[in-house]
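Here the structure is laid out as structure tokens; the discussion comes afterwards.
Every number for a ligand or one of its atoms is a count from 1 in the order of the listing.
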Amino acid sequence: MSNLKRLAVLTSGGDAPGMNAATRAVVRSGLGHGFEVFGVQHGYTGLIKGDFRPLGARDVGGIVHLGGTMLGTTRCEELRTERGCANALGQLRTHQISVLVVIGGNGSQTGARELQQRGATVVGVASTIDNDLHGTEVTIGTTTAIDVALEAIDRLRVTAASLKRAFLVEVMGRLSGHIALTAGIAGGAECIVIPEVETTPEAVAQQLRDAYARGKSHAIAVVAEGAKYNAEALARHFQEHGERIGFDLRVTRLGHIQRGGTPGVYDRMLGTRLGAAAADAAAEGRSGIVLGIRAGEVASTALEEVAGKQKAADVSLLELARVLAM
Ligand code: F6P
């Protein structure tokens with residue numbers, strides 16, 4: 001048995017572009033700090049099963065530009081149980097892991113908190129396309145996901161304008177409106193619907209009707225999937241109530257296409273900075289934290305403050321969107 005301290009890294013929850021950059025940085029910086037580094041395959045499911053493999057510098061070569069996650073990921077219900085937690089802790093002990101790095105979003109960091117509370121040493125890295133984690137202004141993957149949504153919106157506007165149509169474009173984000181707000185404003189949407197601000201189908205119809213009345217050749221409504229009325233529900237309501245909006249209406253749900261993008265420079269750098277910072281924290285004996293970004297700098301927040309909470313989107317942007325849609 002080696003005398004080196006052992007660090008393990010896993011990715012968990014929804015994959016996010018830039019997770020690979022983070023994994024690579026954890027591994028290479030961890031090796032630089034003198035750790036023996038292991039990858040846990042398939043998130044917490046792999047942790048519970050003991051699915052570890054040693055990772056050297058070459059094992060994480062050729063991945064920085066790839067979306068998804070080379071380690072695989074899962075949404076692991078078992079970790080929510082006492083037995084699942086106990087098994088995960090047992091595997092960490094058996095493999096003599098001194099620090100576990102968890103790259104993931106809300107549910108993943110809640111799992112990390114559970115393990116930390118039961119005696120494990122855990123460092124979290126904020127990664128989710130939803131950008132809904134407390135303690136960080138931005139999470140790994142959100143910028144690339146928004147760029148993908150934006151490209152789709154730009155394309156939809158071209159066809160919408162040609163045929164004088166309206167589109168309801170549904171974007172991801174779980175219960176956060178961050179993706180919808182950002183992609184909507186950057187994409188020049190006529191209407192944005194987010195979970196944080198309740199609206200009615202009548203109000204959405206009115207906004208589209210107004211765009212028609214103002215002489216627009218198209219109208220785009222960007223709708224967050226977590227809103228009370230998602231794109232499908234809105235379209236159904238318009239149809240059932242004979243709501244006239246002037247334009248012919250089409251619905252596009254972008255779904256997982258937003259997650260599979262090639263990480264842009266921002267997410268590669270963010271993944272790299274946060275991954276390296278996680279290895280630094282491990283080497284310095286800091287744990288029970290999630291690493292993110294505040295005022296452009298790497299910042300840590302206690303797992304306790306992150307777990308089970310949700311950062312709301314900046315709803316003041318909705319007013320800006322309204323003004324700009326004139
Ligand atoms: O959390 C990331 C995310 O892509 C959300 O935006 C979305 O609601 C969810 O994951 C989809 O989950 P799944 O990939 O399990 O269908």
Side-chain angles (χ1 to χ4, degrees), residues 10-23 42-46 66-80 102-113 124-153 168-184 187 192-196 222-233 251-264 267 270-271 274 290 292 306-314:
L10 62 79
T11 52
S12 166
D15 54 290
M19 267 185 167
N20 277 327
T23 301
H42 311 298
Y44 287 124
T45 306
L66 300 177
T69 164
M70 68 159 278
L71 290 174
T73 180
T74 50
R75 297 201 186 276
C76 178
E77 286 305 315
E78 212 180 333
L79 195 78
R80 295 178 196 269
V102 173
I103 304 171
N106 229 307
S108 310
Q109 302 308 342
T110 304
R113 191 262 317 258
V125 171
S127 175
T128 163
I129 65 162
D130 302 336
N131 197 18
D132 61 351
L133 276 188
H134 258 285
T136 184
E137 286 153 14
V138 63
T139 51
I140 296 168
T142 194
T143 311
T144 303
I146 292 168
D147 270 336
V148 173
L150 199 51
E151 188 185 342
I153 291 166
L168 298 175
V169 188
E170 187 176 292
V171 296
M172 277 188 164
R174 220 166 57 100
L175 296 174
S176 165
H178 178 78
I179 295 178
L181 271 173
T182 316
I192 300 174
V193 181
I194 57 172
E196 290 88 346
V222 177
V223 182
E225 65 175 356
K228 181 173 173 198
Y229 290 98
N230 62 18
E232 225 176 77
V251 178
T252 299
R253 192 166 176 238
L254 298 181
H256 293 81
I257 285 172
Q258 292 155 99
R259 282 225 307 253
T262 298
D267 280 322
L270 184 59
L274 298 187
V290 182
V306 176
K309 294 190 189 146
Q310 144 121 20
K311 180 181 75 181
D314 179 0

Ligand 1-proximal atoms of I129, by part, heavy-atom distance under 4.0 Å: side chain
Is any side-chain heavy atom of I129 less than 4.5 Å from a side-chain heavy atom of P17? yes
Which of the ligand 1 atoms, numbered from 1, are nearer than 4.0 Å to a heavy atom of E225: 5 (C), 6 (O), 7 (C), 8 (O)
Which is closest to atom 11 (C) of ligand 1 in terms of heavy atoms, R259, Q258, H178, R174? R259
Reference residue K311; test side-chain hydrogen bond (donor to acceptor under 3.5 Å, both in side chains); the match among D132, N131, T139, T136: N131
Using the rule given for side chain to side chain contact (heavy atoms under 4.5 Å, CB included), can you reason through T128 versus N106, listing the C-alpha separation, both sets of side-chain angles and the distance that settles it, and then say yes or no? CA-CA 8 Å; T128 163; N106 229 307; over 6 Å; no
Is the side chain of E151 donor-acceptor paired with the backbone N or O of I146 at a distance under 3.5 Å, no angle test? no
Of the protein's non-hydrogen atoms, which lies at the shortest distance from atom 15 (O) of ligand 1, and what is that distance? R75 NE, 2.8 Å
For E137, does the CD atom have more than 12 heavy-atom neighbours from other residues, nucleotides or ligands under 6.0 Å away? yes
Can you give each donor-acceptor pair under 3.5 Å made by side-chain atoms of residues 222-229, sequence neighbours left out, with the distance rounded to 0.1 Å?
residue : atom : partner : partner atom : Å
E225    : OE2  : G173    : N            : 3.2
E225    : OE2  : R174    : N            : 2.7
K228    : NZ   : E198    : OE2          : 3.4

Return the option from V171, T74, D130 holding the heavy atom at the smallest distance from atom 5 (C) of ligand 1. D130
For ligand 1, is there an atom lying under 4.0 Å from some heavy atom of H256? yes
Below 3.5 Å, N or O to N or O, backbone or side chain included: is there any such pair between G173 and ligand 1? yes
